[in-house]
Amino acid sequence: MEGKLWRVIIWVALCVFLGAMGKSAKAEDAIRYACSAQIYEALEEERGDIFTQETDIKLDVHVCSSASALNWLMHDFADVAATAWRIWGVHKDYGYWETPFGIDPLAVIVGKKNPVADLTNEEVQGIFSGHIRNWKEVGGPDEPIMVVVPAKNTGAYHNFFRRFMLAPRKPLIYDLMGFKSTNVIKVVRHFPWSISFISQGIARRWDVKILKIDGLHPLDLTYPYCQVYSFVTRGKPKGPVKSNGLRNWVSKQ
């Protein structure tokens, strides 16, 4: 139920935000939309087609990392970017406007056959910093751990490092890096002793196991490892919808 409600809220925000942007656009025009792969796959691809059918506004969608989405916006290849990476003060100084529209927990994922169901934060740090290399060290079988991470320019990588690898910051030590954040799902599904992380909005749709961290599941209200999804535009969004209205969809970070 929580996952369905989350998708509905973000879908409404998407329609309201992009619909407002398209108020002055002609039917044959398109909104150039650079979207984080996490956000795109969590919302499901077909929703863009539904948006066009209901609003008569075309979306020219480019799926990429959060950092690339911002670059597309800054180089005028996009009218709006959807990112899992909060913009920096320098972006705001240059007039870029951030409208948060959703919060999604970061899920630590393993293969379905892995008997490990719960890790502590210290164990997660140990695995992803290279200090824990075998599942038997955390109560699992005597199998080597294969660490998989998304590319460094993705929101998932940035948010995991910021949320999980607490001070003193430990570098991420990995065996395999995926080009897109969502590629890690495919690796974890096919390599039973691998471990990675991704948006729970994506992970719950695939045949992988979502671990509890310190006894908390990503859908628990007190789960602390979350990432904020935002629309970014050059200046304030135009039209009848103002950014403060969309902020009401989002709990405080």
Side-chain angles (χ1 to χ4, degrees), residues 10-102 104 149-159 161-162 177-184 198-199 201-202 227-243 246-247 249-250:
I10 293 182
W11 171 236
V12 170
L14 179 66
C15 287
V16 170
F17 187 90
L18 294 181
M21 286 194 64
K23 286 284 186 181
S24 60
K26 298 178 181 179
E28 65 270 17
D29 291 339
I31 293 175
R32 299 172 301 167
Y33 182 42
C35 185
S36 152
Q38 279 195 108
I39 296 173
Y40 185 75
E41 295 201 19
L43 287 175
E44 301 174 282
E45 179 179 355
E46 63 269 19
R47 291 180 184 267
D49 296 331
I50 297 172
F51 171 82
T52 297
Q53 293 171 9
E54 293 184 352
T55 64
D56 201 29
I57 301 168
K58 296 179 182 178
L59 286 180
D60 182 5
V61 182
H62 174 68
V63 181
C64 53
S65 68
S66 289
S68 293
L70 287 174
N71 282 333
W72 273 58
L73 178 68
M74 288 188 288
H75 290 86
D76 198 26
F77 295 128
D79 302 307
V80 57
T83 80
W85 195 331
R86 304 300 301 273
I87 65 174
W88 299 339
V90 66
H91 293 121
K92 297 177 181 178
D93 291 341
Y94 279 94
Y96 291 94
W97 191 266
E98 181 181 48
T99 304
F101 66 88
D104 195 15
V149 300
K152 292 182 179 180
N153 65 342
T154 64
Y157 184 101
H158 171 80
N159 292 325
F161 182 77
R162 188 164 56 95
M177 176 177 281
F179 175 70
K180 289 196 305 182
S181 56
T182 49
N183 287 345
V184 302
I198 194 66
S199 148
I202 298 172
Q227 50 188 354
V228 176
Y229 292 162
S230 302
F231 294 123
V232 183
T233 51
R234 291 182 297 275
K236 292 184 180 181
K238 298 178 181 179
V241 178
K242 302 300 183 182
S243 60
L246 288 181
R247 289 179 190 275
W249 290 109
V250 187

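We number each residue from 1, following the sequence as shown. Model, not experiment: these values are computed from the prediction.
One distance of note links CG of D104 with CD1 of I39; it measures 9.0 Å at 0.5 Å rounding.
In this structure, M74 and Y96 have side chains that are in contact, with non-hydrogen atoms separated by less than 4.5 Å. By the 4.5 Å heavy-atom criterion applied to side chains, L70 and I87 are counted as neighbours. Looking at P150 and N183, their side chains never come closer than 4.5 Å, going by heavy atoms from C-beta outward. Under the 4.5 Å side-chain criterion, counting only non-hydrogen atoms from C-beta, W72 is in contact with H62. No side-chain heavy atom of D60 sits under 4.5 Å from any side-chain heavy atom of Y33. Between R86 and V228 there is a side-chain heavy-atom pair separated by less than 4.5 Å. With contacts defined as side-chain heavy-atom distances shorter than 4.5 Å, the pair I202/T182 qualifies.
Taking all atoms of both residues into account, the shortest heavy-atom contact from A37 to V63 is CA-CG1, 3.7 Å. The minimum heavy-atom distance between A69 and C64, with the atom names listed, is N-SG, 3.4 Å. Looking at every heavy atom in both residues, N159 comes nearest to A84 through ND2-O, 2.7 Å. Annotation for S66 and W85: closest pair CB-CB, 3.7 Å, computed over non-hydrogen atoms. In this structure, A34 and A78 approach most closely via the heavy-atom pair CB-CB, 3.9 Å.
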- Message: Walk me through whether Y157 and V149 qualify under side chain to side chain contact (heavy atoms under 4.5 Å, CB included).
- Response: CA-CA 7 Å; Y157 184 101; V149 300; 4.2 Å; yes
- How far apart are the C-alpha atoms of Y40 and V61, what are their side-chain angles, what is the distance that settles it, and do they pass the side chain to side chain contact (heavy atoms under 4.5 Å, CB included) test? CA-CA 9 Å; Y40 185 75; V61 182; 3.9 Å; yes
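Ion pairing of R32 with D79 is present here, as a side-chain N (NZ or NE/NH1/NH2) and a carboxylate O approach within less than 4.0 Å.
The aromatic rings of F231 and F101 lie parallel to each other, their planes meeting at an angle below 30°, with 60° marking the opposite boundary.
Judged purely by distance below 3.5 Å, without hydrogens or angles, the side chains of S199 and Q38 never pair a donor atom with an acceptor atom.
Judged by distance alone, the side chain of H158 and the main-chain N or O of T154 form no donor-acceptor pair under 3.5 Å.
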